Every structure is written in structure tokens, then in C-alpha cells.
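Taking it in order: structure first as C-alpha cells, then the write-up.
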Amino acid sequence: CHAGDGLLHRAFSIFIFNTQDELLLQRRSAQKPLWPNYWSNTCCSHPRQGETMEEAVRRRLAEELGIRTPLTYLYKFQYHAQYDSVGSEREYCWVYYGRYDGDPDVNLNEIADWRYLDVEGLDAALASTPDAFTPWLKLEWAELKSAYLPTILSAGT
């Protein structure tokens with residue numbers, strides 16, 4: 001699915017905020033073939049064959065970060081992003097958010113680093129070092145900010 005121009009396939013992205021309204025970001029492992037060592041949203045992956053999206057998001061959030069928390073579906077969209085000559089993402093992506101306080105228990109095969117960052121800090125980082133972030137994070141963050149962020153942040157108070 002990720003070779004060359006990629007084949008369209010289902011995917012998901014999860015945004016986890018703590019009660020201080022900070023977003024949990026992850027830096028992708030150096031072992032990742034696409035966008036290694038890039039900062040991205042909390043968790044992103046693909047459902048397995050026969051798995052519902054709701055099952056997939058719960059499973060993968062626990063596998064990558066050891067987090068179990070309710071997730072809320074926001075929207076879905078389609079995008080294509082090329083990573084040099086290595087391959088690409090061509091995904092029909094479901095976007096979710098949730099709340100969680102505490103440190104994640106990260107899977108080091110998937111995640112090189114993590115941090116919580118507030119909205120202003122993420123905006124500043126995206127403006128000053130946009131090439132340090134995955135393309136889907138940039139697309140999704142723009143949509144979250146314009147259409148969903150006030151509701152997400154007010155839900156945490």
C-alpha cells in the first residue's frame with residue numbers, strides 16, 4: 001500500500017489531550033520507512049482485515065502507547081503524501097480524539113520520543129520547523145483547529 005504512489009487504503013489518526021489541554025505528540029521511530037524521526041500526532045495506523053475502525057483505534061493506542069481511554073470520532077478525509085522516492089501515504093483517514101493524563105508506556109519499536117505540547121507551542125513549532133512534522137499531522141491539525149478544537153478543549157474542563 002505504501003510503495004511508489006501508494007494504494008488508497010483505510011487509516012486512522014488519534015489526538016490525545018491531557019486536562020491541561022496539551023496534545024500528546026510522538027516522534028516516529030527511526031525504523032519507520034516513511035517519515036522516520038518526524039514528529040506526529042499521538043497515534044496513527046491502519047485497521048486489520050475484518051476489524052472495525054473502533055476496534056482498531058483502541059487496539060493500536062494500547063499497543064503503541066499503553067493508553068486505554070474513550071475516543072470520539074471527529075471526521076474523515078482523503079490525502080496523498082509522497083516521501084522522497086521511498087513511498088507514500090494514500091489514505092482514507094478517520095480522525096479521533098481522547099483525553100488522558102499521565103505518561104505513556106511507549107513501544108520503542110514504534111516511537112522514538114514523546115512530549116505534551118500546548119496549542120500555542122504546537123503552532124509555533126509548526127511555523128518554525130514545519131519539516132520536522134508529518135504531512136498528515138499538518139493537515140489534520142489545521143482542520144482540528146478550524147472546526148473542532150473549541151469543542152475538544154471545552155470537553156476537558
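All figures in this text were calculated on a predicted structure; none of them were measured in a lab.
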For this session: For W141 and N41, test the side chains for any donor-to-acceptor distance below 3.5 angstrom and give the result as yes or no.
Result: no
Give a yes or no answer on whether the side chain of [X] reaches the backbone of [Y] with a donor-acceptor pair at less than 3.5 Å.
{"X": "Y116", "Y": "F17", "answer": "no"}
{"X": "D113", "Y": "R27", "answer": "no"}
{"X": "E91", "Y": "H80", "answer": "no"}
{"X": "K138", "Y": "P130", "answer": "yes"}
{"X": "H46", "Y": "R10", "answer": "no"}
{"X": "R99", "Y": "I152", "answer": "yes"}

Given side chains that start at C-beta, do those of [X] and [Y] come closer than 4.5 Å, heavy atoms only?
{"X": "E140", "Y": "S40", "value": "no"}
{"X": "W35", "Y": "E89", "value": "yes"}
{"X": "I67", "Y": "L24", "value": "yes"}
{"X": "P36", "Y": "Y83", "value": "yes"}
{"X": "F15", "Y": "L137", "value": "yes"}
{"X": "D21", "Y": "V119", "value": "no"}
{"X": "L122", "Y": "F133", "value": "yes"}
{"X": "T69", "Y": "L61", "value": "yes"}

Which heavy atom in [X] sits nearest to a heavy atom in [Y], and how many Å separate them?
{"X": "S88", "Y": "Q82", "answer": "CB-OE1, 3.4 Å"}
{"X": "D103", "Y": "Y100", "answer": "O-OH, 3.8 Å"}
{"X": "K145", "Y": "D123", "answer": "NZ-OD2, 2.7 Å"}
{"X": "P47", "Y": "F12", "answer": "N-CE2, 3.9 Å"}
{"X": "V86", "Y": "P33", "answer": "CG1-O, 3.5 Å"}
{"X": "M53", "Y": "A11", "answer": "CE-O, 3.8 Å"}

[atom1]-[atom2] distance between [X] and [Y], expressed to the nearest 0.5 angstrom:
{"X": "K76", "Y": "C93", "atom1": "NZ", "atom2": "SG", "result": "11.0 Å"}
{"X": "T72", "Y": "Y97", "atom1": "OG1", "atom2": "OH", "result": "4.5 Å"}
{"X": "W114", "Y": "L25", "atom1": "CH2", "atom2": "CG", "result": "11.0 Å"}
{"X": "S13", "Y": "F77", "atom1": "OG", "atom2": "CZ", "result": "6.5 Å"}
{"X": "L65", "Y": "D105", "atom1": "CG", "atom2": "CG", "result": "9.0 Å"}

Problem set entry | Residue pairs passing the salt bridge (Lys or Arg N to Asp or Glu O under 4.0 Å) test where at least one lies in residues 35-60, sequence neighbours excluded | R48-E63, E51-R59, R59-E63, R60-E63, R60-E64, R60-E110
For this session: For residues Y148 and Y75, establish whether the separation of their ring centroids is below 6.0 Å.
Result: yes
For this session: Evaluate side chain to side chain contact (heavy atoms under 4.5 Å, CB included) for L34 paired with T134, printing each intermediate quantity in order.
Result: CA-CA 9 Å; L34 303 179; T134 59; over 6 Å; no
Exercise. Checking side chain to side chain contact (heavy atoms under 4.5 Å, CB included) for the pair C44/W136: CA distance, chi angles, key distance, verdict?
Worked result: CA-CA 10 Å; C44 47; W136 58 89; 3.4 Å; yes
For this session: Please name all residues satisfying side-chain hydrogen bond (donor to acceptor under 3.5 Å, both in side chains) with E22, sequence neighbours left out, ordered by chain then number.
Result: N18
For this session: Show your reasoning for whether side chain to side chain contact (heavy atoms under 4.5 Å, CB included) applies to K32 and Y38.
Result: CA-CA 10 Å; K32 294 282 192 180; Y38 280 66; over 6 Å; no
